[in-house]
Amino acid sequence: MVRNRKKPFAMHPRNVLRTAPDYTKLAIKHSNFRRVCELELNGKVRINFRNEQTLRELTKMLLLEYFELEVDFAPGSLVPTLVLRLNYILWLEDLLAALKLTTVHGIDIGCGSSCIYSLLAAKKNQWQMLALESKLSNIEYARQNIQRNGLQELVEVYGQPDKQNIFKSYFEASSIDARTYEFCLCNPPFFDSNAAHPFDANTRNPARRPAPNNVRTGSAEELTCSGGEVQFVQRIIDESLLYKQRVLIYTSMLGVKANVPKILDYLKQREINNVTTTEFHQGHTTRWAIAWSFKDINLNIATKH
Amino acid sequence: MKPSKDDTIGAQESSTLQNSIQAHPSPKKRLQIGNKSANDKGKHNKGEYFKFGNYKHYYGKRLQDTDFHDIRLDVLAGHAELFRGKQILDIGCNSGLLSIAIARQFEPKSLIGLTNDAQTAITTLKRASNVEPADPTKFPFNVKFVHGNYVLDDDVLLEIERPQFDVVLCLSVTKWIHLNFSDAGLKQAFRRMYLQLRIGGKLILEPQAFDTYKRRKKLSENIRENYAAINFKPEDFTNYLLSPEVGFASMELMGVPEHCKAGFKRPIQIFSKN
């Protein structure tokens with residue numbers, strides 16, 4: 001990955017939020033968003049990122065403003081940050097660019113109540129998405145969000161009956177239509193429900209790694225799972241070995257840098273060699289992603305900044 | 001102190017410098033009468049530069065002695081209890097001289113000055129401060145300057161304004177808000193002042209008379225248009241402030257500063273929010 005020396009932690013070059021939006025103008029335009037903003041003496045608005053409702057209204061407003069998507073979130077569910085979601089989608093666009101495909105089919109593993117990845121993929125790129133989700137209330141919201149935005153032709157939600165597997169239920173059920181998918185994407189639950197303090201940052205130097213500037217959102221179910229993101233992604237890898245022909249590029253995000261080498265090792269042990277990693281930068285937060293394929297395609301794309 | 005270009009009121013019709021040059025004792029200005037027009041390169045941008053009334057020597061006109069003593073301080077001193085221990089906003093405080101004097105003399109809990117020239121104000125504050133311990137409630141640590149204009153980009157932003165001050169000072173600023181932001185802008189400013197005050201809070205208002213607007217109307221294209229469109233006159237201000245659109249409960253007079261220059265004899269009013 002090429003790093004721009006001037007802006008080592010810049011967002012993807014095509015990220016529409018690369019230049020900070022004028023929140024004052026947006027507050028004037030959008031009344032729900034306005035109500036969660038604070039007005040400063042000099043007439044500019046300020047956003048309190050430590051408030052859950054503010055984050056929810058902010059993401060809703062940005063989705064409406066930049067993508068004309070009207071999205072509703074189940075109360076208490078994870079509020080996605082648009083910048084990060086966009087960075088992921090843009091990386092997938094880059095990975096697929098060389099293939100020059102006319103139609104693209106993708107799988108969204110754990111779409112959440114917002115179904116945001118699938119909605120963005122469908123609205124922005126007309127990709128056809130299969131959204132997998134196990135939590136009932138999230139499934140309901142996801143379907144409503146798709147309906148509200150008229151994207152039923154492009155996005156299908158499949159309710160996972162068994163939380164233990166990723167693709168199995170769907171692939172086995174749909175064996176008649178053995179469609180292949182160009183990619184899968186995933187925001188795994190970062191944290192380990194088995195750990196004593198699942199949300200504690202494992203930082204060696206707390207003075208240089210202060211707490212994040214925003215508040216954490218999402219239910220325990222969305223944020224944690226047994227073994228955390230490492231085990232979750234390992235399960236995706238295990239299942240990908242069973243379905244080598246069904247998905248061209250398997251991908252997943254990782255929230256913790258230290259987990260990246262663990263997953264790389266896991267892939268190596270299983271002799272999966274066509275692998276690439278990337279970083280997503282948004283403000284003070286960095287996330288990582290990993291992609292692997294069983295086909296002979298070039299995953300090593302250089303993103304120009 | 002060099003006399004500013006703001007000359008005696010009433011006499012001049014035009015705001016061009018040619019007329020005002022006659023009044024200036026400065027030899028430099030006298031030299032220019034015969035040779036150059038009033039619109040030579042050095043001068044034609046002056047209007048733009050001062051279109052917010054942010055004259056460099058604004059406070060020069062109100063001095064009583066050589067030490068800074070704005071005559072208005074004497075009037076305000078008659079109501080010192082309005083300021084002690086309170087949180088104050090001073091709108092359009094220019095270089096901050098008066099704000100600093102108020103903060104020093106009346107010991108408010110805090111004073112924030114909104115100005116188009118925060119840089120100068122901050123420098124003035126630093127010079128006025130030779131105090132050692134950093135007690136946040138004591139001068140000069142109770143003073144802060146913020147750079148900006150008071151009028152918001154859109155009225156809807158008033159929806160999220162919140163009470164946060166006990167006193168709002170609006171001294172000799174209404175003319176500039178009026179000329180730069182029109183009737184709508186001034187009305188919005190009045191509404192904002194009310195919304196920023198706590199219950200029991202006071203607006204201390206010293207508006208300029210309308211006949212002083214005319215000589216400023218050519219400062220910019222925007223001001224020219226706004227001046228021509230004015231329907232909301234200073235004599236309407238009190239009624240508007242007391243109307244349901246703003247909501248102040250009452251008004252009382254604070255007195256008129258006895259002052260050398262006639263143009264600065266402006267009534268000071270106190271509007272109360274109940």
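Proteins get letters first, then strands, A, B, ... in listed order; numbering begins at 1 in each.
- From B:Asp153, atom CG reaches atom CD1 of A:Ile28 across 5.0 Å, with rounding to the nearest 0.5 Å.
- For chain A, the nearby part of B:Leu89 is the side chain; its heavy atoms alone come within less than 4.5 Å.
- The environment of A:Lys124 atom NZ is dense: over 12 non-hydrogen atoms of other residues, nucleotides or ligands sit within 6.0 angstrom.
- For A:Gln152, the CD atom is densely surrounded, since the number of other residues' heavy atoms within 6.0 Å is greater than 12.
- The local environment of CD in A:Glu153 is sparse, with at most 12 non-hydrogen atoms from other residues, nucleotides or ligands closer than 6.0 Å.
- At a 4.5 Å heavy-atom cutoff, the contact between A:Val45 and chain B is made by side-chain atoms alone.
- Contacts of B:Val146 with chain A are made by side-chain atoms alone, with heavy-atom separations under 4.5 Å and no backbone atom involved.
- Side chains of A:Leu41 and B:Gln196 form a contact here, defined as non-hydrogen atoms less than 4.5 Å apart.
- Taking every heavy atom of both residues into account, B:His147 and A:Asn42 meet most closely at O-CB, 3.5 Å.
- Among B:Glu159, B:Gln164, B:Glu161, the residue making the largest number of heavy-atom pairs under 4.5 Å with chain A is B:Glu159.
- Contact count against chain A (heavy-atom pairs under 4.5 Å) is highest for B:Ile160 among B:Leu152, B:Asp154, B:Ile160.
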